[in-house]
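Presented below is the structure to which this report refers.
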Amino acid sequence: MEVSQYQIFLVNLDPTIGSEIRKTWPCVILSPDEMNKYLRTVVIAPMTTSSKKYPTRVEIKHDNKIGWIVIDQIRTIDKQRIIKPLGRLSKPEIKEVKSIIRETYVD
């Protein structure tokens, strides 16, 4: 399956350990297209509809619902975990995701 950066996919995140987001959830592809094309893995951030306004969460509207991209739970997964495409982030949402990633992980 072809995937693009900032697409939203339904992803099976099980098995997990501890406080990791588990089960099958929408996730945003964060890895760049150059990696997505050649590797069997992708970097994702899970999404949730139940969150507080943490500084590492990006609020978005998807499927007529308010949700959050959970930047503090970024992980690498095998593409076999991807179930189906659900949509894509808007340009303002992409800009906010980039800003929060920079603020969280880059000195």
Side-chain angles (χ1 to χ4, degrees):
M1 176 180 298
E2 252 185 69
V3 300
S4 295
Q5 189 176 38
Y6 305 120
Q7 269 188 294
I8 301 169
F9 283 91
L10 190 62
V11 175
N12 179 359
L13 297 174
D14 281 331
T16 58
I17 297 174
S19 298
E20 297 171 349
I21 290 180
R22 58 182 52 98
K23 299 185 185 175
T24 301
W25 288 101
C27 296
V28 176
I29 305 293
L30 297 179
S31 48
D33 290 339
E34 296 80 23
M35 288 173 58
N36 298 336
K37 184 175 179 181
Y38 295 107
L39 299 178
R40 293 192 322 227
T41 57
V42 291
V43 178
I44 57 101
M47 295 169 55
T48 184
T49 55
S50 58
S51 179
K52 297 178 182 168
K53 283 203 159 217
Y54 295 122
T56 57
R57 309 282 166 99
V58 177
E59 188 174 316
I60 67 162
K61 185 172 183 179
H62 172 67
D63 204 21
N64 292 319
K65 297 178 193 165
I66 297 297
W68 288 268
I69 301 169
V70 187
I71 300 298
D72 52 279
Q73 293 228 6
I74 289 174
R75 67 181 94 173
T76 302
I77 61 162
D78 192 284
K79 287 180 184 173
Q80 292 180 73
R81 289 183 176 269
I82 296 173
I83 298 170
K84 67 179 182 178
L86 298 175
R88 183 170 179 77
L89 296 182
S90 68
K91 289 186 188 261
E93 290 167 342
I94 292 169
K95 185 177 179 180
E96 183 69 12
V97 165
K98 288 179 175 183
S99 173
I100 296 299
I101 289 172
R102 262 188 237 101
E103 189 175 311
T104 303
Y105 295 107
V106 180
D107 285 331

- Query: Under the side chain to side chain contact (heavy atoms under 4.5 Å, CB included) criterion, do F9 and I44 qualify, and how do the steps go?
  - Reply: CA-CA 9 Å; F9 283 91; I44 57 101; over 6 Å; no

- Check the pair I77, C27 against side chain to side chain contact (heavy atoms under 4.5 Å, CB included), reporting the backbone distance first and the verdict last. CA-CA 11 Å; I77 61 162; C27 296; over 6 Å; no

- Task: Would you sort out whether D14 and K23 count as a side chain to side chain contact (heavy atoms under 4.5 Å, CB included), showing the intermediate values?
- Result: CA-CA 5 Å; D14 281 331; K23 299 185 185 175; 4.1 Å; yes

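E59 is linked by a salt bridge (Lys or Arg N to Asp or Glu O under 4.0 Å) to K53, counting only residues two or more places apart in sequence or in another chain. The side-chain contact (heavy atoms from CB on, under 4.5 Å) check on T56 picks up Y54, D72, T104, with sequence neighbours excluded. When the side-chain hydrogen bond (donor to acceptor under 3.5 Å, both in side chains) test is applied to Q80, the partners found at least two apart in sequence or on another chain are D78. Shown here are the side-chain hydrogen bond (donor to acceptor under 3.5 Å, both in side chains) partners of D63, two or more places apart in sequence or in another chain: there are none. Looking at residues two or more places apart in sequence or on another chain, you find a side-chain contact (heavy atoms from CB on, under 4.5 Å) between L86 and I8, L10, P26, H62, K84.
Each salt bridge (Lys or Arg N to Asp or Glu O under 4.0 Å) pair with one or both residues in residues 29-48, not counting sequence neighbours, would appear here, but there are none.
L30 CG to R75 CZ: the interatomic distance, rounded to the nearest 0.5 Å, is 12.0 Å. Residue T49 holds its OG1 atom at 8.0 Å from CH2 of W68, rounded to the nearest 0.5 Å. Taking CD1 of I69 as the start and OG1 of T48 as the end, the distance is 11.5 Å to the nearest 0.5 Å. Note that NZ of K79 and CD of E2 are 8.5 Å apart. Values are rounded to the nearest 0.5 Å. To the nearest 0.5 Å, atom OG of residue S31 and atom CG of residue L39 are 8.0 Å apart.
N36 places no side-chain N or O within 3.5 Å of a backbone atom of V42 that could act as its donor or acceptor partner. The closest donor-acceptor contact from the side chain of R57 to the backbone of M47 lies at 3.5 Å or more, if one exists at all. With R81 contributing its side chain and T24 its backbone, the two residues share no donor-acceptor pair below 3.5 Å.
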Acceptor/donor pairs from residues 89-98 side chains to any protein atom, 3.5 angstrom cut, sequence neighbours excluded:
unit_1	atom_1	unit_2	atom_2	d
S90	OG	E93	N	3.3
S90	OG	E93	OE1	3.3
E93	OE1	S90	N	2.9
E93	OE2	K61	N	3.3

